[in-house]
Protein chains: 2
Amino acid sequence: MAFMIAQRAFIKLYLITMVEQQRGYGYQMLEEMKENFKPFGYVPPQSEIYRALHELVHEGVFYRTKQLKGNDPRVDFQEIVLYHFTEDGPEKANLYKKQVKTDLDRCLGMLNKAAEDNYGV
Amino acid sequence: MAFMIAQRAFIKLYLITMVEQQRGYGYQMLEEMKENFKPFGYVPPQSEIYRALHELVHEGVFYRTKQLKGNDPRVDFQEIVLYHFTEDGPEKANLYKKQVKTDLDRCLGMLNKAAEDNYGV
DNA sequence: CTATGAACAACATGTTCATCG
DNA sequence: CGATGAACATGTTGTTCATAG
C-alpha cells in the first residue's frame, strides 16, 4: 500500500466527474482544476492531466472524439479532443471511484491522526 | 508546491514527536509507527525511517549517541543509536513542525474538497 | 495564445543486499 | 533475530521541448 493517494488517481477522479457533467476537453479541464485548487497553492501539471486522460482511454473508460472549436472556421481552426464514456465506461468509472474513495478516506484518517498525534488537535 | 505531503516529512514529524517524548532509537520508532498505522494498511519502509533520521541529524536537529542495549553484556551486545535534540534542536524542530502543520492542513483541505466535489459528501 | 502530445530529467520511493553482535 | 546502513531498481512526478493552428 502506498503512503498517500497518488496525484494521478486524484486527477483521474476529477476527470471522471467532469466528463460525467459533460465538461470536457483536456485543456479546459486542466484550467478548471487549476482554478479550483488555486486557494491550495496546488497547480496540477499539464502533463499529468494528459497522462491521466490517456490512461482512462487505455483502460476503456473513455473514448475520444475530435472536434473543431468554435463555429466559424475562418476565425478558429483549433482542434480539440473531447472525452466520453464508453458503453461500459460508467460501470468501470464507478468501480474506480469507489476504490479512490476508500483511499481518500484512508488518507484523511492518516492525516487527521497525524494532527492528533503531533499537535494534539 | 507539491501535490501531497511527502512521506519523508510525515515520518520526520513523528520522529520529532517521539524524541520529544524520550522514545528513541531507529528500529523501535519504526516498529512503533508500523503498529500505529496498521489499521491504515500503511507500512512505513525501514529505509525511510533511517533516511529521515539522517536528514534530521544533518539539519542539526538531532545528535546521536550510541549505547549497548540491555544491561548484561553477556546476554546482549546489541548496539543502538539514540537520538536527542541538539542545543537549538527544539527551536528548529518547532519551526519544522509548524511548516508541516500548514502542509497537513492544506492536504486535509484538498482531500475534503475532493470528497465533496466527487462524492457529494 | 490555446491545445495536445512526448521526451527527458529529477526525485522520492520500495526492495534488496551488507554488516554487525 | 534485532539493529543500522547503503545500494539499487522503479516509478511518479515536474520541466522542457515539439507540433499545430
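Within every chain, numbering begins at 1; the chains are lettered A, B, ... in the order of the sequence lines, protein sequences first and strands thereafter. If you're wondering where the values come from, they're calculated on a predicted model, not measured in any experiment.
Residue whose closest nucleotide on DNA chain D sits further toward the 5' end, between B:Y25 and A:P45: B:Y25. Taking for each of A:F3 and A:K66 the nucleotide of DNA chain C with the nearest heavy atom, the 5'-most of the two is the partner of A:K66.
For B:Q99, the CD atom is densely surrounded, since the number of other residues' heavy atoms within 6.0 Å is greater than 12. For B:E31, the CD atom is densely surrounded, since the number of other residues' heavy atoms within 6.0 Å is greater than 12.
Donor-acceptor pairing under 3.5 Å, judged by distance alone, is present between the side chain of B:S47 and the base of C:dT15. Counting distance only, with no hydrogens placed and no angle test, the side-chain atoms of A:Q46 and the base atoms of C:dG5 include a donor-acceptor pair under 3.5 Å. Under 3.5 Å, the side chain of A:R51 and the base of D:dG14 form at least one donor-acceptor pair of N or O atoms.
Rounded to whole Å, atom C1' of D:dT4 lies 14 Å from atom CG of B:L15. Taking atom CD of residue A:E31 and atom C1' of nucleotide C:dT4, one finds them 13 Å apart after rounding to whole Å. Going from atom CD of B:E48 over to atom C1' of D:dA6 covers 14 Å, rounded to whole Å. Atom-to-atom, CD1 of A:I80 to P of D:dA20 comes out at 19 Å; the value is rounded to the nearest Å. Taking atom CD of residue A:E55 and atom C1' of nucleotide D:dT12, one finds them 11 Å apart after rounding to whole Å. In this entry the distance linking CD1 of A:I49 with C1' of D:dT15 reads 15 Å, nearest Å. Between B:Y50 atom OH and D:dA3 atom P the separation is 8 Å, expressed in whole Å. Regarding B:L53, its CG atom lies at a distance of 12 Å from the C1' atom of D:dG5, rounded to whole Å.
Using a 30° and 60° split on the angle between ring planes, A:F62 and A:Y83 fall in the tilted class, from 30° to 60°. Ring orientation note: the planes of A:F3 and B:Y42 are tilted relative to one another, at an angle of 30° to 60°.
When side chains are defined from C-beta on, A:K12 does not count as touching A:V100, because their heavy atoms never get closer than 4.5 Å.
Looking at heavy-atom distances under 4.0 Å, A:Y83 makes contact with sugar-phosphate atoms alone, never a base. Among the protein residues, B:Q7 comes within range of the sugar-phosphate backbone only, with heavy atoms under 4.0 Å from sugar or phosphate atoms but none that close to a base.
Regarding contacts with the backbone of D:dG2, a side-chain N or O of B:Y27 is found under 4.0 angstrom from either OP1 or OP2.
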